[in-house]
Amino acid sequence: MAIQEPAQGHNQEPGPPCRHMEGMLNRAADNSAGRFSRWYAFAHAARCGRCGRYLRALEEMLLRLKGGKNLPPDDVMSRLTEKISELKN
């Protein structure tokens, strides 16, 4: 769920997110929050400039991290098992 620039609300000046919201925003960004907590985090971020910017930055960072993930080849386990067997003999 992408967050938009907050319309009018509080904390429009640069700075850290609201102290009481930081953990909830982290969980909302990585999808580990419950449905109500996630809804509340996004609703708050839509009205709070600091939290909105923080949540967007988290989402962008997570997308970059997921996109750069190098997965091992599919046959890696069979090759490792084979090598271990060879070394045992």
Side-chain angles (χ1 to χ4, degrees):
M1 173 180 253
I3 206 95
Q4 297 176 2
E5 284 295 322
Q8 294 218 12
H10 67 283
N11 289 335
Q12 296 302 319
E13 67 280 351
C18 298
R19 187 173 43 204
H20 66 283
M21 291 297 298
E22 190 169 356
M24 192 180 294
L25 292 166
N26 287 330
R27 290 185 295 279
D30 72 7
N31 291 319
S32 64
R35 285 194 296 180
F36 179 76
S37 293
R38 186 169 162 76
W39 171 84
Y40 186 83
F42 278 98
H44 176 83
R47 301 292 294 165
C48 175
R50 290 181 180 182
C51 290
R53 287 186 293 277
Y54 182 77
L55 185 56
R56 275 191 305 284
L58 283 175
E59 289 177 328
E60 289 172 13
M61 179 186 64
L62 288 171
L63 280 174
R64 275 189 251 124
L65 288 173
K66 288 177 185 176
K69 201 182 277 186
N70 293 327
L71 299 175
D74 292 334
D75 65 337
V76 73
M77 283 307 291
S78 61
R79 290 187 314 173
L80 283 172
T81 305
E82 184 180 314
K83 275 292 187 199
I84 291 170
S85 294
E86 287 175 17
L87 292 172
K88 284 183 178 178
N89 296 328

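Side-chain contact between P16 and R50: present, with at least one pair of heavy atoms (C-beta onward) separated by less than 4.5 Å. Residues P17 and R53 have side chains not in contact (no heavy-atom distance under 4.5 Å, counting atoms from C-beta outward).
For T81, the side-chain contact (heavy atoms from CB on, under 4.5 Å) test picks out no residue, with sequence neighbours left out. Applying the side chain to side chain donor-acceptor pair (under 3.5 Å) rule to E22 yields the partners Y54; only residues at least two apart in sequence or on another chain are considered.
One distance of note links CG of D30 with CE of M61; it measures 9.0 Å at 0.5 Å rounding. One finds the NE2 atom of H20 at 9.0 Å from the CG atom of L25 (value rounded to the nearest 0.5 Å). Summarising the geometry, atom SG belonging to C51 is positioned 11.0 Å from atom CZ belonging to R56; distances are rounded to the nearest 0.5 Å.
Under the 4.5 Å side-chain heavy-atom criterion for grouping Ile, Leu, Val, Met, Phe, Trp and Tyr, F36 is connected to L55 within one hydrophobic cluster. No path of Ile, Leu, Val, Met, Phe, Trp and Tyr side chains, each step under 4.5 Å between heavy atoms, connects M24 with L62, placing them in separate hydrophobic clusters. Clustering ILVMFWY residues whenever any of their side-chain heavy atoms sit less than 4.5 angstrom apart, transitively, puts L65 in the very cluster that holds L58.
Minimum interatomic distance between M21 and A41 (heavy atoms only, all atoms of both residues): CE-CA, 3.9 Å.
Counting only distance, with no hydrogens or angles, the side chain of R38 and the backbone of A28 share a donor-acceptor pair below 3.5 Å. The closest donor-acceptor contact from the side chain of R47 to the backbone of A43 lies at 3.5 Å or more, if one exists at all.
The salt bridge (charged side-chain N to carboxylate O under 4.0 Å, His left out) contacts involving residues 79-89 comprise D75-R79, K83-E86, where partners must be two or more places apart or lie in separate chains.
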